[in-house]
Amino acid sequence: MTIEKIETFILKDKLSQSFFFSQWEYSERCICVVKVTASNGQYGWGEGYGPATVLEAGIKLIAPFVIGEDALMNEVIWNKMYRKTLDFARRGVLMASVSAIDIAIWDLKGKLLGLPVSTLLGGAHRDKIQPYATGFYFMDHKNPARDFVKEAELYLSQGFKAMKMKVGLGIEADVKNVKMLRETIGPDIKLMVDSNHAYTLREATELSRRIEQYNIGWFEEPISPEFYEQYSELKTKTSIPISGGECEYTRFGFNQLIKNKSVDIIQPDICASGGLTEAKRIGALASANGIDIIPHTWGTAIGLHVGLHFISNIESVPGRMYQPEFLIEYDQTENALRDKLTFPSLTMENGMLEVPKRPGLGIDIDEDVLRKYSTCKIQENAIKL
């Protein structure tokens, strides 16, 4: 079954209230999704992580290499996209464009074969995955953590067993906020921190030591992703596990993280780092080196479903009778594109998300919602055979 058409859609939603973190402020969601259609009319959906208009341009550049290819040969197609762009796209947004197409092909392949993506990956080791609530962004420049307690209480009422908060406001403010949240959620809820690479090695070391007492699950992106050796040094100075990798690309980039012993947990964004085809290879690297893998997810429910299928397939190393819970990031910030674009919707029960068992990623797109949030007319950006 050959690939006949590739369409892109830039979706935009203005937020009711902007929010910020250590680097930037968001006032809207803007995401590029892609639809890949086969010669029999069956189709798959994917999305990329990064600036939507640039992602779309990359997809349009790559699409002619993919049109006419056998939709079942995802690794052959991935290699063709990679080789055709290697000289100028080893990392960055164009790799996210490759990722979006690759994910759509996996969805399409699953639908063509009548199998869920988890089965195509080799099978699901688990059918339920524990989500952690990503939230606690800053809403007020004068009092950034103003709503943290209220937000934590909401997550507790919804049944979350793990939460990740933002830090990066400065060491004193961060310590105060971490203490406040730990006291609010109690000792049994997992709590992680993420500075979005706001700190120097010295600052990250000081902050780590001062918040160790609050039983932190991991410290995410404490310093710039460029400083592999500094990550490795930081690991020796704190008992908090160090995580990172959402700014990393392909197995080759993650090999650098691993070779430098930079992190305890790698966090590839599957919608940016090479799609599911490459995520499977990155996962093998992590397994071979005894490093945990917890993907970064941010965007629509397409990416969230991608993460569920991928995590379900991760082997538990070492094996043991009572397995630890495997985690998936579940962003809780305002996002109509995540909540309304796809169906059926995800439902958390008893603090867990179920891995979809329907063919492909297990979702479809609501065309009315697609039209509502699309920045151009539907069908305007189709590339055909």
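Note that the structure is predicted; figures quoted are calculated from it, not measured.
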Should we count NZ of K80 as having more than 12 external heavy atoms under 6.0 Å?
-> yes
Do other residues, nucleotides or ligands put more than 12 heavy atoms under 6.0 Å from the CD atom of E349?
-> no
Roughly how far apart are I302 CD1 and R338 CZ, rounded to 0.5 Å?
-> 13.5 Å
Flag, side chain of S374 to backbone of R371, donor-acceptor distance under 3.5 Å | no
Gap between atom CD of E203 and atom CD of E206 - 0.5 Å precision = 8.0 Å
Sole residue of Y330, F160, Y132 in ring pair (Phe, Tyr, Trp, His ring centres under 6.0 Å) with Y155 = F160
Heavy atoms only: give me the nearest H305-P356 pair and the separation to one decimal.
-> CD2-CG, 3.4 Å
Are F343 and V306 in one and the same hydrophobic cluster, where Ile, Leu, Val, Met, Phe, Trp and Tyr link if side-chain heavy atoms are under 4.5 Å apart?
-> no
Just by distance, do the side chain of R182 and the backbone of N215 share a donor-acceptor pair under 3.5 Å?
-> yes
Taking R281 for its side chain and T250 for its backbone only, find out whether a donor-acceptor pair lies under 3.5 Å.
-> no
Quick check: are there more than 12 heavy atoms from other residues, nucleotides or ligands sitting under 6.0 Å from NZ of K12?
-> no
Determine, using the 4.5 Å side-chain heavy-atom cutoff (strictly less than), whether V93 and F9 are members of one ILVMFWY cluster.
-> no
Step by step, work out the side chain to side chain contact (heavy atoms under 4.5 Å, CB included) result for Y373 and L341.
-> CA-CA 9 Å; Y373 292 104; L341 181 65; over 6 Å; no
For the residue pair E278 and S273, confirm or rule out a side-chain donor-acceptor distance under 3.5 Å.
-> no
Same apolar cluster (I L V M F W Y, side chains within < 4.5 Å links), L327/F136 = no
4.5 Å side-chain heavy-atom contact, L11 and L370 = yes
Where S27 and S18 come nearest, the two heavy atoms and their spacing = CA-CB, 3.9 Å
Any luck finding a side-chain donor-acceptor pair between N177 and K166 under 3.5 Å?
-> no
Ring centroid separation for F20 and H141, is it under 6.0 angstrom?
-> yes
Output yes when E172 and R210 qualify as a salt bridge under the 4.0 Å nitrogen-oxygen rule, no when they do not.
-> yes
When you measure from the side chain of D127 to the backbone N and O of V355, does any donor-acceptor pair fall under 3.5 Å?
-> no
Closest non-hydrogen atoms of Y231 and V263, given as atom of the first, atom of the second and distance, are CD2-CG1, 3.9 Å
Should I77 and T277 count as side-chain neighbours, where that means a heavy-atom distance under 4.5 Å?
-> no
Below 4.5 Å, heavy atoms only, C-beta onward: do S97 and L94 meet side chain to side chain?
-> yes
Here the gap from E25 atom CD to L15 atom CG, rounded to the nearest 0.5 Å, amounts to 10.0 Å
Could you label the plane-to-plane angle of the F19 and Y26 rings as parallel, tilted or perpendicular, counting under 30° as parallel and over 60° as perpendicular?
-> tilted
Hey, what do you get for CD (E4) to OG1 (T37), rounding to the nearest 0.5 Å?
-> 8.0 Å
Write out all pairs satisfying salt bridge (charged side-chain N to carboxylate O under 4.0 Å, His left out) with one or both partners inside residues 83-94, taking only residues at least two apart or from two chains.
-> R91-E248
Do the side chain of H197 and the main chain of S224 share a donor and acceptor less than 3.5 angstrom apart?
-> no
For F326 and H125, what are the C-alpha separation, side-chain angles and deciding distance, and is it a ring pair (Phe, Tyr, Trp, His ring centres under 6.0 Å)?
-> CA-CA 11 Å; F326 280 67; H125 294 280; 8.5 Å; no
Grab the two heavy atoms, one from T184 and one from L156, that are nearest each other, plus how far apart they are.
-> O-CD1, 4.2 Å
Hey, does E329 have a side-chain heavy atom less than 4.5 Å from the side chain of P295?
-> no
Any ring-ring contact (aromatic ring centres under 6.0 Å, His included) involving residues 58-85? Give me the pairs, sequence neighbours left out, ordered by first then second residue.
-> W78-Y82
Backbone of G245 reached by a side-chain donor or acceptor of H296 within 3.5 Å = no
Working for side chain to side chain contact (heavy atoms under 4.5 Å, CB included), residues I365 and V369 | CA-CA 8 Å; I365 296 292; V369 176; over 6 Å; no
Would you call D107-K111 a salt bridge at under 4.0 Å N-O?
-> yes
Identify the heavy atoms of N196 and D194 that sit nearest to each other, and give their distance.
-> N-OD1, 2.9 Å
Is the closest side-chain heavy-atom distance between I294 and W218 below 4.5 Å?
-> yes
Are F227 and F219 connected in the hydrophobic side-chain network, where two residues link if heavy atoms are under 4.5 Å apart?
-> no
May I ask you to test the W45-D364 pair for a side-chain heavy-atom distance under 4.5 Å?
-> yes
Can F138 be reached from V167 by stepping across I, L, V, M, F, W or Y side chains whose heavy atoms are under 4.5 Å apart?
-> yes
D331 bridged to R29 by N-O distance under 4.0 Å = yes
Using a cut-off of 6.0 Å, state whether more than 12 heavy atoms not belonging to K161 lie near its atom NZ.
-> no
Is there a donor-acceptor contact under 3.5 Å from the side chain of Q332 to the main chain of G135?
-> no
I328 side, atom CD1; L353 side, atom CG - distance, nearest 0.5 Å | 6.5 Å
If only atom types and distance count, is the side chain of D269 paired as donor or acceptor with the main-chain N or O of C247 below 3.5 Å?
-> no
Does a sphere of radius 6.0 Å around CG in N143 hold more than 12 heavy atoms from other residues, nucleotides or ligands, not counting ones at 6.0 Å or beyond?
-> yes
Going by heavy atoms in the side chains, are E220 and E246 under 4.5 Å from each other?
-> yes
Counting distance only, does the side-chain N/O of E56 pair as donor-acceptor with the main-chain N or O of I10 below 3.5 Å?
-> no
Flag the pair D339 / S345 as yes when at least one side-chain heavy-atom distance between them is below 4.5 Å, and no otherwise.
-> no
Heavy-atom donor-acceptor pair, N350 side chain to M352 backbone, under 3.5 Å = no
Distance col, row L55:CG vs T8:OG1, nearest 0.5 angstrom, shows 10.0 Å
What do the steps show when you test I67 against I6 for side chain to side chain contact (heavy atoms under 4.5 Å, CB included), and what is the final call?
-> CA-CA 8 Å; I67 298 291; I6 297 178; 3.8 Å; yes
Step-by-step side chain to side chain donor-acceptor pair (under 3.5 Å) determination, S232 to N260 | CA-CA 7 Å; S232 180; N260 283 282; over 6 Å; no
Could you walk me through whether L120 and W106 pass the side chain to side chain contact (heavy atoms under 4.5 Å, CB included) check?
-> CA-CA 8 Å; L120 300 183; W106 276 89; 3.6 Å; yes
Of all the heavy-atom pairs spanning Y199 and I223, show the shortest one and how long it is.
-> O-CG2, 3.0 Å
